[in-house]
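Keep in mind it's a predicted model, so treat the numbers as computed, not measured.
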Amino acid sequence: LLGLPPAMQKVMFKGLLPEEKTLREIKVTNGAKIMVVGSTINDVLAVNTPKEAAQQEVKAEENKKEPLCRQKQHRKVLDKGKPDDVMPSVKGVQERLPTVPLSGMYNKSGGKVRLTFKLEQDQLWIGTKERTEKLPMGSIKNVVSEPIEGHEDYHMMAFQLGPTEASYYWVYWVPTQYVDAIKDTVLGKWQYF
């Protein structure tokens, strides 16, 4: 009736039925409602199309995107230049988080920002002149970063505070030696005690 091969059908009556049982054996009475769930061969083939092709399309799309530091929203901050009081950067070295706040960086509006890692409270404090946001590390969904063109010893970094890219909190001029330690600490890979 449905055009579904028997191997592609599942019968449900008060839950999924074992395939080896007949309707009579499970005591389906006249007028009882049963559900048949299944897929046609074409449905199965459509779903099983190689994922690699889809992944290659996504990668090609990503490669078309210009680097973050060339995008207009970031250019307006980066074009201000490197802050005078930015922490020194050490290229080619990975360091643990310093015991003092990371300071001298800019946020997306070009205001000064500092990052304080309160490990004993499992919090990241993002401080500006106006206020300090105290974020539980577990509430940060992701951390992305990219070297700043022409200043590869510094990165621009975003903390994802919600479900979409619109929730990114951008910080500019993060010294490169701390990038991995920040990601690992925020995303819970390591504990630095």
Side-chain angles (χ1 to χ4, degrees), residues 51-119 122-192:
K51 291 179 183 171
E52 290 172 22
Q55 288 172 342
Q56 285 172 347
E57 285 177 32
V58 168
K59 281 184 183 162
E61 196 61 37
E62 285 174 358
N63 291 339
K64 285 183 205 167
K65 283 185 182 177
E66 62 185 337
L68 293 170
C69 58
R70 288 194 205 153
Q71 293 175 11
K72 187 178 176 186
Q73 67 176 18
H74 304 300
R75 282 274 28 118
K76 66 180 186 179
V77 178
L78 294 172
D79 287 346
K80 287 178 71 169
K82 189 163 43 169
D84 297 334
D85 59 344
V86 72
M87 294 178 83
S89 175
V90 184
K91 197 171 180 181
V93 174
Q94 291 181 5
E95 291 185 14
R96 299 173 96 165
L97 291 175
T99 53
V100 296
L102 290 172
S103 60
M105 299 167 294
Y106 290 140
N107 60 18
K108 70 177 181 184
S109 58
K112 288 296 182 111
V113 67
R114 77 187 159 279
L115 302 176
T116 308
F117 294 87
K118 294 288 190 177
L119 300 179
D122 202 30
Q123 291 180 340
L124 166 60
W125 292 8
I126 301 176
T128 61
K129 191 169 59 175
E130 295 80 27
R131 70 174 173 274
T132 299
E133 294 280 336
K134 298 178 179 181
L135 304 169
M137 299 272 193
S139 71
I140 301 170
K141 311 275 186 275
N142 197 10
V143 180
V144 296
S145 72
E146 179 181 287
I148 297 171
E149 261 183 354
H151 300 275
E152 281 74 15
D153 48 338
Y154 288 94
H155 280 231
M156 46 191 288
M157 178 176 277
F159 299 98
Q160 185 178 347
L161 306 179
T164 66
E165 284 188 21
S167 69
Y168 281 5
Y169 187 99
W170 285 99
V171 178
Y172 302 87
W173 303 101
V174 178
T176 191
Q177 71 267 28
Y178 300 126
V179 169
D180 287 339
I182 292 170
K183 287 181 180 179
D184 291 344
T185 300
V186 170
L187 299 174
K189 292 193 177 120
W190 314 110
Q191 290 295 325
Y192 292 106

[X] versus [Y]: any side-chain heavy-atom pair under 4.5 Å?
X    : Y    : answer
W173 : L78  : yes
V143 : M157 : yes
T185 : L97  : yes
D79  : V77  : no
Y178 : V90  : no
I140 : Y169 : no
K108 : V171 : no
T132 : R114 : yes

Discussion item. When you measure from the side chain of Q177 to the backbone of P88, do you find a donor-acceptor pair of N or O atoms at a distance under 3.5 Å?
Written reply: yes

Worksheet item: Any sub-3.5 Å donor-acceptor pair from Q160's side-chain atoms to G162's backbone N or O?
Response: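 Present.
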
Worksheet entry | Criterion side-chain contact (heavy atoms from CB on, under 4.5 Å) on M105 and V174, from CA distance to verdict | CA-CA 7 Å; M105 299 167 294; V174 178; 3.7 Å; yes

Item to complete: Name all residues meeting the side chain to side chain contact (heavy atoms under 4.5 Å, CB included) criterion together with E130; count only those two or more places apart in sequence or in a different chain, and write none if there are none.
Response: T128

Quiz: residues 145-154 side-chain donor-acceptor pairs under 3.5 angstrom, not counting sequence neighbours:
| unit_1 | atom_1 | unit_2 | atom_2 | d |
| --- | --- | --- | --- | --- |
| S145 | OG | H155 | ND1 | 3.4 |
| S145 | OG | K183 | NZ | 3.1 |
| E146 | OE1 | L68 | N | 3.2 |
| E146 | OE2 | L68 | N | 2.9 |
| E146 | OE2 | C69 | N | 3.1 |
| E149 | OE1 | R70 | NE | 3.0 |
| E149 | OE2 | R70 | NE | 3.2 |
| E149 | OE2 | R70 | NH2 | 2.7 |
| E152 | OE1 | G150 | N | 3.4 |
| E152 | OE2 | G150 | N | 3.0 |
| Y154 | OH | M87 | O | 2.8 |
| Y154 | OH | S89 | N | 3.3 |

Worksheet item: How far apart are the C-alpha atoms of M137 and Q123, what are their side-chain angles, what is the distance that settles it, and do they pass the side-chain contact (heavy atoms from CB on, under 4.5 Å) test?
Response: CA-CA 5 Å; M137 299 272 193; Q123 291 180 340; 5.6 Å; no

Fill in: Audit row: L135, W125, side-chain contact (heavy atoms from CB on, under 4.5 Å) steps and yes/no
CA-CA 6 Å; L135 304 169; W125 292 8; over 6 Å; no

Worksheet item: Could you go step by step and tell me if K112 and D85 meet the side-chain contact (heavy atoms from CB on, under 4.5 Å) rule?
Response: CA-CA 10 Å; K112 288 296 182 111; D85 59 344; 2.2 Å; yes

Discussion item. Distance to the ring centre below 6.0 angstrom and angle to the axis at most 45 degrees; does that hold for K80 and Y106?
Written reply: yes

Measuring from [X]:[atom1] to [Y]:[atom2], what's the distance to the nearest 0.5 Å?
X    : Y    : atom1 : atom2 : answer
T176 : K91  : OG1   : NZ    : 8.0 Å
L161 : I126 : CG    : CD1   : 6.0 Å
R96  : D184 : CZ    : CG    : 11.5 Å

Worksheet item: Should the ring pair Y172 and W170 be called parallel, tilted or perpendicular, given that the plane angle runs from 0 to 90° and is split at 30 and 60?
Response: parallel

